[in-house]
Amino acid sequence: MELPKVYDPKAVEEKWYQFWLEKRYFHADVDSPKEPFSIVIPPPNVTGSLHMGHALNNTLQDVLVRWRRMQGYNCLWLPGTDHAGIATQNVVERELAKEGLRRQDLGRDEFVKRVWRWKEKYGGVIIHQLKRLGASCDWDRERFTMDEGLSQAVREVFVRLYEEGLIYRGNYIINWCPRCRTALSDLEVEHREEEGHLYYLRYPMEEGGEIVVATTRPETMLGDTAVAVNPADERYKDYVGRWAILPVLGRKIPVIADDYVDPDFGTGALKITPAHDPYDFEIGQRHGLQAVKVIDEEGRMTDEAGPYRGLDRFECRQRITEDFERDGTLVKVEPYRHSVGHCYRCGTVVEPFLSVQWFVRTKPLAKPAIEAVKEGRTRIIPPQWEKVYFEWMESIRDWCISRQIWWGHRIPAWYCKDCGGVTVRRETPESCSHCSSKAIEQDGDVLDTWFSSALWPFSTLGWPSKTKDLEVFYPTSVLVTGFDILFFWVARMMMMGLHFMGDVPFRDVYIHALVRDMEGQKMSKTKGNVIDPLEMIERYGTDALRFTLAVLAAQGRDIRLSEQRIESSRNFCNKLWNAARFSLMNLTDYPGDGVELPEGEPSLPDRWILTELRGAIGEVTRALEEYRFNEAAQALYHFVWHRFCDWYLELIKPFLYQREDPQLRLNTQRTLVYVFDKLLKMLHPFMPFITEEIWQRLPHVGESLVVAPWPEAEDVPADEAASRKMERVMGVITAVRNIRGEMGVSPTRRVNVILRVEDEEVAGELRQNALFIRSLGFVDGLQVVLGGAPPEAAAAAIAQGVEVFVPFKDLVPDPQREEARLLKELRKVLQELEFVQRKLSNRAFLERAPREVVLKERQKAAELEELRGKLEGRLRVVRELTSHDEPPC
RNA sequence: GGGCGGAUAGCUCAGGUGGGAGAGCGUCGGCCUUACAAGCCGAAGGUCACAGGUUCAAGUCCUGUUCCGCCUACCA
């Protein structure tokens with residue numbers, strides 16, 4: 001059965017994924033005696049579809065899980081999705097809008113039912129896409145944040161925190177999105193620098209005179225209840241305690257003194273709007289000021305806004321500015337650049353808004369979470385993110401968790417209509433816990449989606465029940481995520497995990513980069529610069545995409561992805577495929593299915609490739625242990641392409657194409673199979689599909705690569721001495737090819753070669769390995785001479801002490817070209833030599849540098865000297881020829 | 001305002017603990033050499049942002065400067 005010339009991903013991916021599922025390789029057995037290795041997936045939004053960020057995130061997780069599984073761990077990769085409150089509600093509302101309906105038209109119950117229906121129908125999309133990516137998740141354990149079990153965990157956590165005084169309800173300024181009509185946490189506000197204006201407004205004083213205030217939001221003046229100045233500000237000393245008259249409304253407002261006010265900004269007088277600015281609110285509290293709401297939930301002016309009632313807040317700004325310009329209240333307007341908060345979901349300008357909300361008291365929770373990282377119980381990788389984590393945790397503010405939407409976990413609090421008391425319960429109560437009245441009503445709000453995500457590492461494993469899953473798989477081994485949700489999610493999981501499980505949720509946190517386009521821009525649909533992972537999978541195959549992402553995933557740096565890069569990974573797949581094709585063509589008589597080392601004395605190429613393999617196994621394993629995905633992938637790429645394919649497969653062709661020495665042929669086949677087997681195993685976590693397809697076709701032991709053992713470096717015999725011999729032969733081959741190339745001769749044209757060495761042992765070695773030089777160097781006659789006069793009419797090169805000559809008669813006889821070539825080489829050598837000699841003539845270097853470094857430099861100098869001598873000798877010979885060749889004129 | 005990261009070949013980027021400047025793509029020259037033209041062979045190309053310092057030795061450590069990017073922040 002011969003393989004097609006080109007690897008076709010479509011023909012294999014679906015087949016093997018189904019096979020793996022049928023064999024239940026991804027299923028984690030809680031009763032397994034093996035050491036556990038667990039990861040919980042960062043649950044994608046149920047509304048989501050796979051983008052490059054997901055592809056990267058899940059490729060890296062799958063690499064880790066598949067690798068650890070092969071190492072013999074009991075692996076659990078727990079998948080699932082997030083109900084994504086606002087996002088999902090928005091999606092369904094948009095769908096309703098097409099029917100001309102609002103959610104209010106349906107009513108809450110009907111709307112929520114509709115969201116569930118939407119979820120059942122479309123919510124599985126991203127899960128399906130993860131499967132196409134090859135993710136080896138335990139699908140039997142798939143979870144959704146609104147599942148019954150997880151909802152129970154949410155209620156349990158809420159009630160416990162409430163009872164511990166860590167959740168409270170209060171009237172504070174929060175961030176409000178007038179479009180989504182809900183409160184947002186501080187983190188859900190995106191600050192953007194914008195060109196705005198600074199308006200200077202004149203407020204008359206009750207007893208004559210005036211005070212001028214500066215503001216970026218003149219419309220909020222309608223809610224002003226004071227003007228504040230710095231107590232140390234001499235200019236306003238006499239104003240404090242007196243009254244200003246608010247224009248338009250004519251309200252009397254006091255001038256107060258507060259340290260918060262910066263006398264150097266604006267006019268040094270600050271208008272105070274306690275209901276629409278967080279700091280004004282604080283000042284208001286300090287001074288017992290009234291808070292007047294002039295903007296409502298939808299961003300429209302309230303009745304308190306007098307003549308401006310009903311206007312949109314921005315319309316009002318426009319109108320009030322015009323009016324003030326007319327009546328002289330407006331002193332001046334300056335252009336002013338400042339940062340404005342926007343809703344992270346819909347982009348609407350956020351309104352600071354006074355309302356009653358639920359909050360988590362975070363400081364007591366943050367402390368253990370800080371300590372856990374300080375003590376190394378959780379490692380953050382790369383470590384520079386630790387600092388970011390600490391900074392945020394140490395300056396953490398209380399977390400507003402109530403949302404005025406319908407899709408999410410309903411807050412388990414009931415209010416009594418009779419006594420006004422609050423009843424917080426795990427199960428729906430019959431009556432008020434304070435007065436036993438039956439007239440109770442549940443809070444209409446739901447919880448921030450991140451509240452349930454914060455419980456993900458233990459709620460998915462069955463908490464609050466004491467399950468075996470929890471016992472075995474918590475804490476999880478590693479969390480793989482992007483830095484954009486370090487605060488949103490990672491920090492909060494740390495807090496909740498420590499508080500409710502008494503242990504960290506994960507041993508390691510690996511933080512990977514963001515995927516950007518070639519210009520370094522974040523990919524976004526609106527910019528139109530997205531590279532769709534599914535499209536790439538269609539075009540180049542899943543393995544090519546995965547390999548690309550892994551090889552680009554260097555720590556601490558964003559990934560700039562281009563389709564070209566995926567294309568070259570596709571080429572790598574094809575290279576591997578053709579190596580398999582070649583191997584299969586030469587294994588038709590291979591006995592059995594065994595994977596064994598060669599018997600007796602292996603050939604030089606065998607010993608060399610085994611030595612290289614041993615090194616590669618060590619390197620790849622070490623890189624994976626350190627989360628250096630790019631280095632592991634790079635090492636594999638180099639080994640497979642530039643060691644195994646470029647050299648080994650070429651070197652063994654003469655052994656495979658002959659039948660005179662059956663033992664040699666068999667040994668070669670064994671090594672070929674052995675090395676191929678190991679490299680497929682190492683490649684499998686990165687490229688699961690093509691490796692399985694090839695492995696299954698080659699002689700192999702076992703049912704599937706998924707559960708095949710990870711290679712161990714110690715099992716592979718190394719032979720450094722043989723390796724060095726091989727490298728010398730390879731050096732000679734390269735020298736011959738170089739001469740041919742530089743002298744402009746076709747690589748397939750046969751030439752004769754003379755090798756001249758000083759050392760008898762080396763001479764014997766080269767004679768022994770003449771076969772390789774002949775076949776890879778396209779050499780006809782090969783002569784190895786020990787010293788003696790070098791040939792004259794020949795091009796020369798020096799490779800590891802061996803002088804390589806190709807007679808001019810075999811090339812295009814062009815002594816001038818040869819002279820130029822030699823000169824170029826000599827220049828390089830002289831330059832290097834000068835550098836080394838300068839070092840060696842420095843007494844400080846000889847005295848202070850370690851002995852082995854000095855020794856190395858001396859050796860280098862000697863080698864270069866020798867090289868120089870030989871090159872200069874050649875140059876003389878060639879110049880002699882050129883002068884003879886000079887046509888008489 | 002504070003903090004973090006980056007500046008290395010034409011492009012995109014690797015270069016844990018200081019001692020050899022590297023990869024992919026692109027470029028140039030030559031090849032359908034019975035695994036692969038999505039390939040093979042060969043080559044060119046870099047004062048490692050700038051200025052100092054530490055050291056026998058700096059892409060790598062320290063200080064400063066410039067230019068990008070990101071996070072974060074209560075100066076309306």
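Protein chains get the first letters and strands the later ones, always in sequence-line order, with residue 1 at the start of each.
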Using the [atom1] atoms only, state how far [M] lies from [N], rounded to an integer number of Å.
N: C48(B); M: C61(B); atom1: P; result: 16 Å
N: C28(B); M: G10(B); atom1: P; result: 16 Å
N: U60(B); M: G18(B); atom1: P; result: 12 Å
N: G6(B); M: A49(B); atom1: C1'; result: 11 Å
N: G52(B); M: A58(B); atom1: P; result: 14 Å
N: A9(B); M: U33(B); atom1: C1'; result: 31 Å
N: G16(B); M: G2(B); atom1: C1'; result: 29 Å
N: U72(B); M: G22(B); atom1: P; result: 40 Å

Using a 4.0 Å heavy-atom cut-off, write out nucleotides 37-47 of chain B from 5' to 3' as B (base contacted by protein), S (sugar-phosphate only) or - (no contact).
SBSSSSSS---

Quick one: which of [options] gets closest to the side chain of [X]?
X: Arg581(A); options: C25(B), C36(B), C71(B); result: C36(B)
X: Glu650(A); options: C4(B), A35(B), G30(B); result: A35(B)
X: Met585(A); options: G24(B), A35(B), A73(B); result: A35(B)

Given atom [atom1] of [X] and atom [atom2] of [N], what is their separation to the nearest angstrom?
X: Ile531(A); N: U12(B); atom1: CD1; atom2: C1'; value: 12 Å
X: Leu811(A); N: C31(B); atom1: CG; atom2: C1'; value: 16 Å
X: Leu514(A); N: G5(B); atom1: CG; atom2: P; value: 17 Å
X: Phe390(A); N: U72(B); atom1: CZ; atom2: P; value: 18 Å

Report, one line per pair, each donor and acceptor closer than 3.5 Å where one atom sits in a side chain of residues 820-827 of chain A; sequence neighbours left out.
unit_1, atom_1, unit_2, atom_2, d
Arg821(A), NE, Glu818(A), OE1, 3.0
Arg821(A), NH1, Asn738(A), OD1, 3.2
Arg821(A), NH2, Ala796(A), O, 2.5
Arg821(A), NH2, Glu818(A), OE1, 3.3
Lys824(A), NZ, Glu742(A), OE1, 3.0
Lys824(A), NZ, Glu742(A), OE2, 3.4

Restricting to pairs with a member in residues 647-657 of chain A, which pass side chain to side chain donor-acceptor pair (under 3.5 Å), not counting sequence neighbours?
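Applying side chain to side chain donor-acceptor pair (under 3.5 Å) to every pair that reaches into residues 647-657 of chain A, excluding sequence neighbours, yields Asp606(A)-Tyr648(A), Glu650(A)-Lys653(A).
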
Assess whether side-chain contact (heavy atoms from CB on, under 4.5 Å) is satisfied between Tyr200(A) and Val333(A), documenting all intermediate values.
CA-CA 6 Å; Tyr200(A) 288 78; Val333(A) 182; over 6 Å; no

Quick one: is [N] close enough that its OP1 or OP2 comes under 4.0 Å of any side-chain N or O from [X]?
X: Arg397(A); N: A73(B); answer: yes
X: His642(A); N: G24(B); answer: yes
X: Lys387(A); N: C71(B); answer: no
X: Arg565(A); N: G24(B); answer: no
X: Tyr657(A); N: A35(B); answer: yes

Is [Y] paired with [X] through a side-chain N to carboxylate O contact shorter than 4.0 Å?
X: Arg622(A); Y: Glu625(A); answer: no
X: Glu619(A); Y: Arg628(A); answer: no
X: Arg565(A); Y: Glu563(A); answer: no
X: Glu193(A); Y: Arg337(A); answer: yes

[X] near the nucleic acid: base, sugar-phosphate alone, or nothing, with a heavy-atom cut-off under 4.0 Å?
X: Val551(A); result: nothing
X: Thr216(A); result: sugar-phosphate
X: Gly777(A); result: nothing

Return one dot-bracket line describing RNA chain B 5' to 3' (Watson-Crick or G-U wobble pairs, both distances under 3.5 Å; ( ) same strand, [ ] crossing, | another strand, . none).
(((((((..((((.....[..)))).(((((.......))))).....(((((..]....))))))))))))....

Proximity of [X] and [Y] rings by center, below 6.0 Å:
X: Tyr510(A); Y: Phe629(A); result: yes
X: Tyr7(A); Y: Tyr540(A); result: no
X: Phe644(A); Y: Phe676(A); result: yes

Using atom types as modelled, flag every donor-acceptor pair under 3.5 Å from a side chain in residues 261-280 of chain A to any protein atom, sequence neighbours excluded.
unit_1, atom_1, unit_2, atom_2, d
Asp262(A), OD1, Asp264(A), N, 2.9
Thr267(A), OG1, Val212(A), O, 2.4
Thr267(A), OG1, Ala269(A), N, 3.2
Lys271(A), NZ, Thr220(A), OG1, 2.7
Lys271(A), NZ, Asp224(A), OD1, 3.0
Lys271(A), NZ, Thr273(A), OG1, 3.0
Thr273(A), OG1, Asp224(A), OD1, 2.7
His276(A), ND1, Pro352(A), O, 3.4
His276(A), NE2, Val294(A), N, 3.0
His276(A), NE2, Ile295(A), N, 3.3
Asp277(A), OD1, Tyr279(A), N, 2.8
Asp277(A), OD1, Asp280(A), N, 3.0
Asp280(A), OD2, Thr273(A), N, 2.7

Name the orientation class of the two ring planes belonging to Phe572(A) and Trp641(A) (parallel below 30°, tilted from 30 to 60°, perpendicular beyond 60°).
parallel

Side-chain donor-acceptor pair present, Gln669(A), Tyr590(A), cut-off under 3.5 Å:
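Not at all, the side chains of Gln669(A) and Tyr590(A) share no donor-acceptor pair under 3.5 Å.
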
Protein-nucleotides 16-20 of chain B N/O pairs closer than 3.5 Å?
unit_1, atom_1, unit_2, atom_2, d
G16(B), N2, Arg622(A), NH1, 3.2

